Structures are given as C-alpha cells and as structure tokens.
**Q** 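Here it is, the structure in full.
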Number of protein chains: 2
Amino acid sequence: MPDRKNTSETPIRTAVANEDGIDFVLIELFFFAYRDFTSDPDQMLAHYGFGRAHHRVLHFVNRGPGLTVAELLDVLKITKQSLARVLKQLIDAGHIVQLQGPRDRRQRELYPTAKGRALALALARPQSRRIHAALQDTGAEGRAFIEGFLKAMVNPELRAQIDALPKAQE
Amino acid sequence: MPDRKNTSETPIRTAVANEDGIDFVLIELFFFAYRDFTSDPDQMLAHYGFGRAHHRVLHFVNRGPGLTVAELLDVLKITKQSLARVLKQLIDAGHIVQLQGPRDRRQRELYPTAKGRALALALARPQSRRIHAALQDTGAEGRAFIEGFLKAMVNPELRAQIDALPKAQE
DNA sequence: CAAAATATGTCAGTACTGTTGACATATTTT
DNA sequence: AAAATATGTCAACAGTACTGACATATTTTG
C-alpha cells in the first residue's frame with residue numbers, strides 16, 4: 001500500500017486543546033453521551049424492523065395524542081416525504097392510528113394505540129433509567145442545572161415547542 | 001383519502017407523562033439539544049460536500065494526532081468500511097495525511113494538515129459558542145454538574161477512552 | 001360560486017452514513 | 001514457514017434524510 005499522497009502536506013503533530021477557548025471537553029462528552037443514550041432503544045427497535053425515526057414519531061405521538069401531521073413535521077424538522085414511510089409503517093404495524101380532524105377534515109390527527117403506547121414506554125424506559133442513574137452520580141441538586149443547560153442549548157425559536165409538551169406535573 | 005385501517009384500533013387520547021416515573025422531559029430536551037448542537041457544523045460541512053461523519057473523523061484526528069486507524073475505529077464504534085470512504089475523502093481533500101507507523105509499519109498514523117486543523121477549529125467554534133452561552137444562562141457553577149452528568153450518561157466501559165483524550169489544562 | 005390556498009399523500013431520484021461478507025496485501029508474531 | 005494482525009477494497013444492502021413534481025380533498029377568499 002503506497003502512501004496516499006506525497007504532495008508535501010505537512011502533518012501537525014500537536015493535539016488541539018483549548019485553542020481559541022474552544023470547549024472540546026464538553027463537545028466530545030455531548031457526542032459520547034448522546035451516542036450511548038440512543039443505543040438502548042436502537043437495539044430494541046431492530047427487533048421490530050424499526051429505526052430511530054420510528055422512535056421519534058412514536059414518542060411525540062404519545063406525548064401529544066391528536067397531533068396533526070403538520071405539527072409533527074414542525075417538531076421533528078423533517079420533510080413530509082421523510083415522515084411518510086416511517087409513519088405508514090407505524091400505522092400498518094398498528095402502533096398509530098389516524099383520525100380525520102374534527103374541525104378541519106383535511107387534517108389527520110395521530111393517536112397511539114395500546115400497542116403503540118406500550119412500545120413507546122418500553123423504549124423510553126432504558127433511557128430514563130440511564131438519566132436517573134446519571135443524575136444520582138451527579139447529585140440530585142444538579143438537575144435544575146442540567147435541565148437549564150439542555151434547554152439553553154436549543155435554538156431560542158424552538159423553545160416554545162418544548163414548553164408546549166406535557167410537563168411532569170400534569 | 002380513506003382512513004387507513006378500520007380494524008378497530010382504539011386511539012389513546014391521553015398524553016403519556018411521568019408514567020412509570022419515566023423522565024420524558026429530559027429525554028426530549030436531550031433530543032432537541034443534540035439536534036441543534038449539530039446543526040451549525042452540519043450547515044458548514046455541506047459547503048465542502050462533507051457530512052457529520054467527516055466532522056467526527058476530523059475532530060478526533062485533531063484531538064489525537066498520530067491516532068491509528070484501529071484506534072479511530074474504536075473511538076467512533078463504526079466499521080472500517082464505513083470509515084474508509086469518509087477518511088479517503090478527507091485525505092484526498094488534503095485535510096488529513098497518513099504516515100506509516102514507526103514501530104509497526106502495518107499501521108497508518110493519522111495526522112491533520114494545516115487545512116484540516118483550520119477546518120476542525122472552524123467547525124468546533126459555533127458548537128463551543130453555543131455551549132458557552134448555555135453555561136452562562138445556567139450559571140457558571142453548573143459546569144461541574146453538566147460535565148459529570150454527560151460523563152455519567154456514557155457507558156462505563158467507554159469512559160476510559162474519554163479520559164485518554166487531551167484535557168483542557170494540557 | 002369559482003379560484004386560491006392549505007393539508008396531506010405519493011412517486012421518483014439522490015445523498016450520506018451505516019451495515020455485513022468476502023477477499024487482498026503487507027507486516028509482525030509465533 | 002505459518003498464523004495472526006493492520007489495513008485496504010469490492011459489492012450489496014438498509015435507514016434516514018433530501019429535492020422536485022404532482023394528485024386529491026377540503027377550506028378559505030375574493
């Protein structure tokens with residue numbers, strides 16, 4: 001195997017760290033944390049022939065039953081063509097049902113079935129367990145910081161959407 | 001458009017919240033936060049014809065110059081076939097160079113070029129800015145909690161890898 | 001009422017990132 | 001000399017996203 005280039009591209013041998021005050025530690029931690037956060041449901045979904053996109057749809061339909069297709073697209077920030085396949089599979093598998101909108105009959109309201117509710121809970125369980133364990137490691141008084149931090153990481157325009165979802169006390 | 005099924009799949013009309021003590025709030029916040037966290041570099045990468053996978057390779061090669069291919073695969077947890085395309089493109093574009101390993105000549109040590117270093121920094125900058133702003137919103141004393149929480153979210157077996165990366169004080 | 005706008009669905013093509021399986025080459029270890 | 005290792009490469013496939021175009025039903029507007 002020959003060396004791929006000899007166009008005198010000089011290799012840099014020093015590790016980048018803290019340059020321009022860039023927070024590489026948190027950047028990496030966020031990557032690793034999210035990867036492992038999604039790994040448990042990913043494994044479960046594989047048994048159903050579903051992927052991460054199915055999980056997200058199932059999650060938000062369970063969190064806000066009666067959601068219209070347009071509202072779901074707005075939350076997920078994907079195109080309707082992307083949603084279509086995933087949603088169709090969830091409907092065909094009996095996890096989600098569509099009802100014609102009562103006010104506007106063009107709309108399709110999305111509801112979970114008992115099966116869809118059960119799957120959503122099963123997928124959320126290991127994620128919640130992981131979060132709970134991490135909070136205990138950190139100290140329970142850290143929760144407010146963590147919630148505040150994550151919310152502050154979200155684009156300001158979108159925070160309204162988050163507040164529109166059901167809260168813990170409901 | 002007919003209703004897709006009439007197999008008497010009963011819709012559930014109540015939102016799921018706090019069931020089985022599941023922490024839906026943090027699950028969702030983590031999803032939204034990560035999505036927006038990756039959106040800035042994603043946009044920049046599109047200009048180069050690169051994707052998120054290129055970003056990750058570039059990041060870790062910059063964080064640990066001299067990394068071998070096997071070490072990189074171990075960090076990213078992908079197959080070598082997945083890495084191959086992405087790595088080849090980065091090498092061809094002059095962001096990364098490969099040097100034959102000094103001890104073991106089968107190995108290929110990966111180093112960033114000046115161009116690769118510059119791109120890595122440019123991609124990290126908006127992410128770090130977002131993190132910095134979020135920390136300020138939260139209060140600076142929350143940083144330890146957030147770092148601890150994110151690290152605790154990572155699978156224990158993999159935390160050693162994280163500790164092996166350069167720290168801020170180096 | 002007719003026309004325009006809206007909500008949804010669908011077809012076709014493409015890109016990126018990941019997978020598995022198989023096999024080749026160079027090098028090191030046994 | 002044989003086996004193991006590090007890397008590279010070819011082929012096929014899957015999941016999730018994208019764009020563009022067009023169809024249908026329904027509501028809103030002029």
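The structure presented is a predicted model; accordingly, all values stated were derived computationally and were not measured. Each chain gets a letter, A, B and so on, in the order the sequences are listed, and its residues count up from 1.
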**Q** D:dC18 phosphate, OP1 or OP2: any side-chain N/O from A:S82 under 4.0 angstrom?
**A** yes
**Q** Tell me which nucleotide, if any, is Watson-Crick or G-U wobble paired with D:dA25 when both distances must be under 3.5 Å.
**A** C:dT6
**Q** So A:R85, base contact, sugar-phosphate only, or nothing? Heavy-atom distance under 4.0 Å.
**A** base
**Q** Send over the distance from B:H47 NE2 to C:dC16 C1', rounded to a whole Å.
**A** 17 Å
**Q** Rounded to whole Å, how long is the line connecting atom CD of B:Q107 with atom P of C:dA26?
**A** 17 Å
**Q** Rounded to whole angstrom units, what separation is found between the CZ atom of B:R108 and the C1' atom of C:dT28?
**A** 13 Å
**Q** Spell out yes or no: do the side chain of B:Q81 and the base of D:dG8 have one donor N/O and one acceptor N/O closer than 3.5 Å?
**A** no
**Q** Which residue, A:E109 or B:R56, contacts DNA chain C at a nucleotide closer to its 5' end, judged by nearest heavy atom?
**A** A:E109
**Q** Between atom CG in B:D104 and atom P in D:dA4, what is the gap in whole Å?
**A** 17 Å
**Q** Tell me which nucleotide, if any, is Watson-Crick or G-U wobble paired with D:dC18 when both distances must be under 3.5 Å.
**A** C:dG13
**Q** Toward the 5' end of DNA chain D, which comes first, A:R52 or B:R106, by nearest nucleotide?
**A** B:R106
**Q** Look at the side chain of A:V69 and decide which nucleotide, out of C:dT8, D:dT16, D:dC18, has an atom nearest to it.
**A** C:dT8
**Q** Considering the options B:F37, B:Y34, B:F32, which one meets the ring-ring contact (aromatic ring centres under 6.0 Å, His included) requirement together with A:Y34?
**A** B:Y34
**Q** Tell me whether the side-chain N/O atoms of B:T79 come closer than 4.0 Å to OP1 or OP2 in C:dG18.
**A** no
**Q** Less than 4.0 angstrom from a charged side-chain N to a carboxylate O is my criterion; do A:D36 and B:R159 meet it?
**A** no
**Q** If we ignore hydrogens and angles and just use 3.5 Å, is the side chain of B:N155 paired with the main-chain N or O of B:E157 as donor and acceptor?
**A** no
**Q** Roughly how many Å is it from CZ in B:R103 to P in D:dT7, rounded to a whole number?
**A** 12 Å
**Q** What is the distance, rounded to the nearest whole Å, between atom CD of B:Q98 and atom P of D:dG8?
**A** 5 Å
**Q** When the distance from CG of A:L83 to C1' of D:dG15 is rounded to whole Å, what number comes out?
**A** 15 Å
**Q** Enter the distance from B:L58:CG to B:L121:CG here, rounded to the nearest 0.5 Å.
**A** 9.5 Å
**Q** Taking atom CD of A:Q98 and atom CD of A:Q107, what is their separation to the nearest 0.5 Å?
**A** 12.0 Å
**Q** If you assign each of B:F50 and B:K80 to its closest nucleotide in DNA chain C, which residue comes earlier from the 5' end?
**A** B:F50
**Q** Whole angstroms only, please: what is the CD-P distance between A:Q43 and C:dT19?
**A** 13 Å
**Q** By nearest heavy atom, map A:Q89 and A:R105 onto DNA chain D; which one lands nearer the 5' end?
**A** A:Q89
**Q** Could you check whether A:H54 gets within reach of a base, just the sugar-phosphate, or nothing at all, counting any heavy atom under 4.0 Å?
**A** sugar-phosphate
